[in-house]
Structure formats: structure tokens, C-alpha cells
Amino acid sequence: MASMSPDTPCSCDCFVSVPPASAIPAVIFAKNSDRPRDEVQEVVFVPAGTHAPGSRLQCTYIEVDQVPKTHAVVLSRPSWLWGAEMGANEHGVCIGNEAVWTREPVRDGEALLGMDLLRLALERGSTAQEAMLVITGLLERYGQGGSCREDPVPFSYHNTFLLADRTEAWVLETAGRLWAAQRIQAGARNLSNQLSIGADISAEHPELRSHARAQGWWGGQGYFDFAQVFSLSQQPVRMEAAKARFRAGHELLQQRRGDITAEAMMDILRDKDSGICMDSGGFCTTASMVSVLPRDPTQPCVHFLTATPDPSRSVFKPFIFGAGVAQAPQVLSPTFGAQDPVRTLPRFQTQVDRRHALYRGHQVALGRMATEQAWGQQLQQKQRDLEREGLEVLWGLLAAGEGTPPPQQLGSLFQAFVERESQAYT
């Protein structure tokens, strides 16, 4: 059975702040994607689309029925797969996923990855709640499964999701096809590779409790704590480490409660002492994202993405859905068609170079920073100055557009910041 060994690195951290926890009238979403150290994550823009009746859609491993219309999305994704680790759509919905192992066994065979479910939900849901229902519906129909890394040794898991929009957030936690969901209408919340929904369940799979009772995990009456009932009785070492990150993330949010901003979320994602900014063995934080979703529907949502590893040495660059938005080629990985190791069977028997241009420049710069201290300090200052300019765009938009680029330029903002970051590395 494909699963994990006790020493398998497995970590991600998701955060959300809903007013009054936010310092501004906005929901703020954040995620660090912690993945195999040499895995490249690209930032992909997919425009809205219309699709013919009866169309089929190829995901990472399996096909699913396509829907008539799909929303425009921006995705931060491991470049070998179809889905995404995190992303947003044109309606201000953001989603991040986390690996989790429960009492329900991880199924053999290929199905939808949690990352596929995330992208499908962004393409099909116009609110966080709609997106959550998209995932649960697809989970029931197709299930979740398949290797989650580019390696001939299978590595599979179940998923939890943090979904947010302009008004609220949802936590969705799964165990096979079963699930529980919690609605977050105020305050701050975080996820770290473990079941975290207790008795405060807002929605659930209709067979959740009957299945738990049939397995002997719950007596059938009275208090029902989802995390307690479905969590493994003996947690692997890495899952125990996730508990420490969860507590640290919760504390960092509480310290800033009522004063949480995009900058505060970026600081949390850069926190190395807690392990939230991951650098452990074969895993590291390979990409990061922070999104500001204003309550005022006339104000655009602003999504900051790094497209490079280690947020403490990367630039959060602003992406806004608007006129002229297009794919930034510097953060798009090369493709290999039918010869891609993910497409040829048996899968992942060879390796290919998936590094995009910004990733290459960033890696060269990090190497130089390690040997040339003065140059490295200058580069890091350039990174922070560029990031500050992106935050100034956000502040201007929240202040009724004062001092911001004209609307027709907002769609090309991310491209412009990627080009300037690339120049700093050369």
C-alpha cells in the first residue's frame, strides 16, 4: 500500500485571517508549500473557458467529466502535475491543501490527487463554500489517490484543505471519501498536516459517523470529535513534528490577532524557528503565497506569489486578475509532451530538468549569496525593496486606488515584477 514511512518528510502550513482578526476589512490567506527539495514549482495562469457538452478533462492521472464553464485561475503548482498546491480564481476564492494520514487506509491505484481537487475547485467554485462542495462531490465520484511526488517509489496521502473568499473561510478535512468541514466566519485559523476539526463540525459526509461506529472508532452516541475519532492512534514521527508546527502557527497568529496584514502573514511564512519555513532533509518550502481578499467587492483581490523556494530569500510578487493578464513566461517550466516521465509507463523512471528561468536565476543568486556576503546583502535589500513596491500597490488599492497603476495595467503587474526580479539576479 502506498503511504509514508515514519521518517518521510511531509509538511505544509496554511493560514487564514477573517475580520476582526485582520487589521483591515479583508480576509487574508497564506500558505507555504513544502515539497521535495529539488521539485520546481511554477506559477500558471489559466484563462476562463467554455467547454463542449460531454467533454472530458485529463488531470494528473485520470480523466473526469468537464463542466460547461470554468473560471480563470492562477496556480502555484509542482511543474510535473496538472493540479496545484495553492492558487486563486477570478472570484477571489483561494485554496491550499495539506497532506494527512488517518485511520482510513490510503487506497492503491490512481485517482484524483488532492492537488487536482484543488484546481478543479478553483475552476468551478465562485465562493469558498461552492469550492468545498466541488471537492466533496468529486471525492465521492472519483476518490483520491496516486503518487504525489515525481519518484518511482509511490508516496500517497489524503488531504485537508483551507478555502477562503472575501467573506469567510472553510476547513475541509478528508479521510478517503469521507470528510468533515468547519466554517470560519471570524478569527484566525491554521493547518499543519493533521486533522484539526473537533466537535465543531459545520458539514460532513452523510456516512461519516455510521462508518466510524461500524469500525469501532466511536460508540455511536454523544460527543463526536472528528480529529480524535479519525486520527491514527500512533502518529509517525513527522506527524508529531507537525503538531509542534501547528501550535507554533496558532501562537504566531494569536500574537497578531486584530493586527494581521499581508506583511504579518509573510513574516509567519518566513519563520524558520518554528519550522514553518521548512528546510529539513530532502524537503524545503518550494513556494509561498499570500492573498488579500477585500470585503469591498469593488476592490480587487491581490495575490502575492514567490515562484521560488525559501520565502526568507524570495520576493512575494503581486498578481491581480484584470485586463491584459497573461502567462509570465519566466515562471513557466518547460514541457516534455508524451515523453514526460509522468506520462510514460511505468511512471517516473527518468528525470527531466523542469527549472524555469526565474528558478534558475534564483538558484544561481542563492549560491552566490552563500560565498559573497556583501553582494548577498545588497541582493536581499533589492528583494525587500521590490516586495515593498508590490505591497505599496496593495495599500494604494485599499485606499481607493491612490497612487496605483491604472486599471489597464493591473493585469500585467505580476509579469513586470517577475522581469525586475530576474534582472536583479543577472
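Heavy-atom basis, side chains included; hydrogens, waters and symmetry copies ignored.
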_side-chain contact (heavy atoms from CB on, under 4.5 Å) assessment of M289 paired with E85_ = CA-CA 10 Å; M289 173 178 171; E85 275 278 294; over 6 Å; no
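- Not one N or O on the side chain of E123 forms a donor-acceptor pair closer than 3.5 Å with the backbone of V73.
- Below 30°, between 30° and 60°, or above 60°: for W101 and F155 the angle between ring planes is between 30° and 60°, a tilted geometry.
- Looking at every heavy atom in both residues, G114 comes nearest to F161 through O-CE2, 3.5 Å.
- For the 3.5 Å distance criterion, the side chains of H71 and S126 fail to qualify, holding no donor opposite an acceptor.
- Side-chain atoms of H303 do not come within 3.5 Å of backbone N or O of S291 as any donor-acceptor pair.
- For the pair S274 (side chain) and R245 (backbone), a donor-acceptor distance under 3.5 Å is absent.
- For the pair L139/Q144, a side-chain contact is recorded, criterion being any heavy-atom separation below 4.5 Å from C-beta on.
- A donor-acceptor pair shorter than 3.5 Å cannot be found between the side chains of Y425 and Q363.
- Under the 4.5 Å side-chain criterion, counting only non-hydrogen atoms from C-beta, I28 is not in contact with F15.
- Using a 30° and 60° split on the angle between ring planes, Y61 and W80 fall in the tilted class, from 30° to 60°.
- The closest donor-acceptor contact from the side chain of D116 to the backbone of G83 lies under 3.5 Å.
- For A48, the side-chain contact (heavy atoms from CB on, under 4.5 Å) partners are A72, E90, not counting sequence neighbours.
- Checked by atom type and distance alone, the side chain of S333 pairs as donor or acceptor with a backbone atom of R354 at under 3.5 Å.
- Looking at S288 and T306, their side chains never bring a donor and an acceptor atom within 3.5 Å of each other.
- V74 pairs in a side chain to side chain contact (heavy atoms under 4.5 Å, CB included) with only one of the listed residues (V43, V44, V46, I320), which is V43.
- Looking only at distances, no side-chain donor or acceptor of R189 sits under 3.5 Å from a matching main-chain atom of V16.
- A heavy-atom distance below 4.5 Å is found between the side chains of L138 and R124.
- For the 3.5 Å distance criterion, the side chains of Q66 and S55 fail to qualify, holding no donor opposite an acceptor.
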*Start with the C-alpha distance between Q330 and Q415, add both sets of side-chain angles, then the distance that settles side-chain contact (heavy atoms from CB on, under 4.5 Å), and finish with yes or no.*
CA-CA 8 Å; Q330 298 93 331; Q415 170 72 51; 3.1 Å; yes
*Kindly indicate, with the supporting measurements, whether the criterion salt bridge (Lys or Arg N to Asp or Glu O under 4.0 Å) is fulfilled by E168 and R183.*
CA-CA 8 Å; E168 63 182 12; R183 192 176 196 174; 2.6 Å; yes
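- S22 places a side-chain N or O within donor-acceptor distance of the main-chain N or O of S17, the cut-off being under 3.5 Å.
- You'll find the side chain of R119 reaches within 4.5 Å of the side chain of W82, heavy atoms only.
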*R247 and K243: CA distance, side-chain angles, deciding distance, side-chain contact (heavy atoms from CB on, under 4.5 Å) verdict*: CA-CA 6 Å; R247 290 192 297 268; K243 291 182 179 180; 3.8 Å; yes
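- Counting all heavy atoms, side chain and backbone alike, V27 lies closest to A164 at CG1-CB, 4.1 Å.
- Within the 3.5 Å criterion, the main-chain N or O of N193 finds a donor-acceptor partner in the side chain of E98.
- A donor-acceptor pair shorter than 3.5 Å can be found between the side chains of E173 and S196.
- In terms of heavy-atom proximity, C12 sits nearest to S33 at SG-CA, 3.9 Å.
- When atom types are taken as modelled, the side chain of E39 and the backbone of T286 share no donor-acceptor pair closer than 3.5 angstrom.
- Salt-bridge formation is detected for the pair D279/R37: a Lys NZ or Arg NE/NH1/NH2 atom is positioned less than 4.0 Å from an Asp or Glu carboxylate oxygen.
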*List the steps, then state whether side-chain contact (heavy atoms from CB on, under 4.5 Å) holds for E42 with V331.*
CA-CA 5 Å; E42 59 183 352; V331 293; 5.6 Å; no
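- Side-chain contact of D34 with T285: a donor-acceptor pair under 3.5 Å is present, judged by distance alone.
- For Q349, the CD atom is densely surrounded, since the number of other residues' heavy atoms within 6.0 Å is greater than 12.
- Relative ring orientation between H205 and W179 is described as perpendicular, the plane-to-plane angle rising above 60° on a 0-90° scale split at 30° and 60°.
- More than 12 heavy atoms of other shown residues, nucleotides or ligands fall within 6.0 angstrom of atom CD in E63.
- With respect to K31 and D13, no salt bridge is recorded, no charged nitrogen being found less than 4.0 Å from a carboxylate O.
- Within 6.0 Å of NZ on K272 lie more than 12 heavy atoms contributed by other residues, nucleotides or ligands.
- Residue V134 comes nearest to G125 through the heavy atom pair CG2-N, 4.5 Å, listed as atom of the first residue, atom of the second, then distance.
- The backbone N or O of I276 lies less than 3.5 Å from no partner atom in the side chain of D271, so there is not a single donor-acceptor pair.
- Taking the six-membered ring for Trp and thresholds of 30 and 60 degrees, F230 and F226 have ring planes inclined between 30 and 60 degrees apart.
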